[in-house]
Amino acid sequence: AEPTLVLRLKFLNDTERLARVRPGDTVGALKRTYFPGQEQQVRLIYQGQLLRDDAQSLAGLHLGHLSVLHCHLSPPSVAPTAPGTPGPRSPAPAALGVGSLALPLFVLLLALLWYLQLQHRHVFTATATTCLAGLTLLVTFVAFAMYRR
């Protein structure tokens, strides 16, 4: 029977976890046993060296009883979703910015100007009415471009 080693897995927040391993086990087997489902996110560091090769045996690292392996768990990467499939919901913005209110305020201002133009035609010249119509078209195109994304 192969003797077992006890390794200290030390995390960035100074917590520790003990791992019972055999010298013939590989780095990949250690990751699979103590970090199931997180093998791709865990980085093991021994004596300042990142253990990149999952096929490397622990005996080849010359680990002793209670040797310290530093562990870094990176957050899981978000896989890109295919078009048409719902992806993870993005968090709601913390506060309404001036930019998000600019277009609705501009539309409200245009509606007020059109109301005034219809109620008080004698104040608006032909040039002012033409400019108002052009500005309304421009804002309509901008609104559709913004909300189509």
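Note: Arg17 CZ to Phe11 CZ = 5.5 Å, rounded to the nearest 0.5 Å. Taking CH2 from Trp114 and OG1 from Thr129, the interatomic distance works out to 6.5 Å, rounded to the nearest 0.5 Å. The structure places CD of Gln47 at 9.5 Å from CG of Leu69, a figure rounded to the nearest 0.5 Å. Interatomic distance, Gln117 CD to Thr136 OG1, rounded to the nearest 0.5 Å: 10.0 Å. The OG1 atom of Thr4 sits 8.0 Å away from atom NE2 of His65, with the distance rounded to the nearest 0.5 Å. Here OG1 of Thr127 is found 12.5 Å from CG of Leu132. Values are rounded to the nearest 0.5 Å.
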Give the intermediate values and the outcome of side chain to side chain contact (heavy atoms under 4.5 Å, CB included) for residues Val107 and Val139. CA-CA 7 Å; Val107 169; Val139 169; 3.9 Å; yes

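The side-chain heavy atoms of Cys71 and Leu44, taken from C-beta on, include a pair separated by under 4.5 Å. Annotation: side chain of Leu30 is not in contact with side chain of Asp25 (no heavy-atom distance under 4.5 Å). Side-chain contact between Asp53 and Val27 is absent, with no heavy-atom pair separated by less than 4.5 Å.
Residues Ala128 and Phe124 share a closest heavy-atom pair of CB-CD2, 4.2 Å. Nearest approach of Gly64 to Leu7, heavy atoms of both residues: O-CD2, 3.9 Å. Contact between Arg8 and Leu66 at its shortest, heavy atoms only, is CD-O, 3.6 Å. Closest approach of Val68 to Tyr46, counting heavy atoms only: O-CD1, 3.3 Å. Minimum interatomic distance between Ala126 and Thr130 (heavy atoms only, all atoms of both residues): O-OG1, 2.8 Å. Contact detail for Pro23 and Ser57: the closest heavy-atom pair is O-CB, 4.1 Å.
Taken together through direct or relayed side-chain contacts under 4.5 Å among Ile, Leu, Val, Met, Phe, Trp and Tyr, Val6 and Phe35 form parts of separate hydrophobic clusters.
When atom types are taken as modelled, the side chain of Tyr34 and the backbone of Arg20 share a donor-acceptor pair closer than 3.5 angstrom.
Other residues, nucleotides and ligands contribute more than 12 heavy atoms inside 6.0 Å of the CD atom of Glu16. In Phe106, the CZ atom is not crowded: 12 or fewer heavy atoms of neighbouring residues, nucleotides or ligands sit closer than 6.0 Å. Atom CD of Gln40 has 12 or fewer neighbouring heavy atoms from other residues, nucleotides or ligands inside a 6.0 Å radius.
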